[in-house]
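Below you'll find the structure, written out as structure tokens, and then a few comments.
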There are 2 protein chains.
Amino acid sequence: MSGQITAYSDNPEVDRLVNELIGRVADKWTLLVIEALEEGGEQRFSALARAVPGISQKMLTQTLRQMERDGLVQRTVHPVVPPHVDYRLTDLGESLAAAFCGVWHWAEQNLQAVAAARAAYDARG
Amino acid sequence: MSGQITAYSDNPEVDRLVNELIGRVADKWTLLVIEALEEGGEQRFSALARAVPGISQKMLTQTLRQMERDGLVQRTVHPVVPPHVDYRLTDLGESLAAAFCGVWHWAEQNLQAVAAARAAYDARG
DNA sequence: CCGTATCCGCCTTGATACTG
DNA sequence: CAGTATCAAGGCGGATACGG
């Protein structure tokens, strides 16, 4: 195999599902939540809200629900008052974080290259 | 380096820029265009329109412009009538395609796991 | 053939207020 | 504390028509 870059499926239906899944999972907030959970480990709702600057309560709830449904995070409710809810990455979630590491690394490495390309493009008009 | 998962920058400003860049680049159409160019090599506008099913002319143009500005694709205009324009991935674009390969692979590998997680979640209500 | 321009519906998002 | 409900606003994306 020594799989080169083109490791994409040859099944159009699978391609469609994969694209759909990536679209769901590569969402801006999902990415940030994954990063927060990866860095901070298991933590509660309010901690996540602080760890992801700019996110609204609504979007955090929505994002966490989707991630839970997709099996990326585990939600644990401690039946106390006031309520205490913890979130942590599942193994599946961790594996996604690892997969995204490549993209993250690329972005870090090429921030300047992209900035330069934009400057050059804009300069030409 | 045998870099572990947490390779994220410790600089918040860089984090912000990286997130922004990923948000831009992880766009649904961008992903599909990258895949099409990766698989089909250099090709013209109309070929891409066929290679990316469901994309509108507007979105294809918009996506290609952004990718060009970000230095991901090179646009070559052949001054003939009728017009003939070719698009190809730059080295930067190829490197991004390679980086996304991990996510693509993850999605392929875990389609079923996600589907199962969803089914379980929905079953519980 | 390869775009740009315009209009328009819809879906996402944010702000705010309220509940267990 | 951890949500849900509601509403208004903005942007994304599609369809269409037209220009170089």
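Labels below follow one simple rule: chain letters A, B, ... track the order of the sequence lines, proteins then strands, and each chain is numbered from 1. If you're wondering where the values come from, they're calculated on a predicted model, not measured in any experiment.
For the OP1/OP2 pair of D:dA2 and a distance below 4.0 Å, the side-chain nitrogens and oxygens of A:Ser46 include at least one atom meeting the criterion. In this model, the phosphate group of D:dA15 is not approached by any side-chain N or O of B:Ser56 to a distance below 4.0 Å at OP1 or OP2. Residue B:Arg44 has a polar side-chain atom (N or O) positioned under 4.0 Å from OP1 or OP2 of C:dC2. At the phosphate of C:dG3, OP1 or OP2 sits under 4.0 Å from a side-chain N or O atom of B:Arg75. Applying the 4.0 Å criterion to OP1 and OP2 of C:dG3, one finds that B:Tyr87 has a side-chain N or O inside that range.
Both A:Trp29 and B:Leu17 are assigned to one and the same hydrophobic cluster, defined by single-linkage of ILVMFWY side chains at heavy-atom distances under 4.5 Å.
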Would A:Trp106 and B:Val18 count as a side-chain contact (heavy atoms from CB on, under 4.5 Å) if you check the C-alpha gap in whole Å, the side-chain angles of each, and the deciding distance to 0.1 Å? CA-CA 9 Å; A:Trp106 177 91; B:Val18 165; over 6 Å; no
Between B:Phe45 and B:Gln57, does a side-chain contact (heavy atoms from CB on, under 4.5 Å) hold up when you go through it step by step? CA-CA 9 Å; B:Phe45 187 86; B:Gln57 212 180 34; 3.8 Å; yes
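Atom pair A:Leu64:CG and D:dA2:P shows a separation of 11 Å (rounding to whole Å applied). Whole-Å rounding puts the A:Gln62 CD to C:dC11 P distance at 13 Å. The distance from atom CZ of B:Arg50 to atom P of C:dC1 is 9 Å, rounded to the nearest whole Å. Residue B:Asp86 contributes atom CG, which lies 9 Å from atom P of C:dC2 at whole-angstrom precision. One interatomic measurement links the two molecules: NZ of B:Lys58 to P of D:dG11, which rounds to 13 Å at whole-angstrom precision.
Considering every non-hydrogen atom in both B:Thr30 and B:Arg24, the closest pair reads OG1-O, 4.0 Å. For B:Thr90 against B:Val73, the heavy-atom pair with the smallest separation is CG2-C, 3.6 Å.
When distances run from any side-chain atom of A:Pro82 to the nucleotides D:dG13, D:dA2, D:dC1, the shortest one goes to D:dC1. Here C:dG14 is the nucleotide among D:dG3, C:dG14, C:dC2 with the atom lying nearest to any side-chain atom of A:Trp29. Among the nucleotides D:dG3, C:dT4, D:dC7, the one closest to the side chain of B:Gln57 is C:dT4. Considering only the side chain of B:Asp27, D:dG13 comes nearest among D:dG3, D:dG13, C:dG20.
Where A:Met59 and B:Ala47 meet DNA chain C, the nucleotide closest to each residue was compared, and B:Ala47 sits on the side nearer the 5' end.
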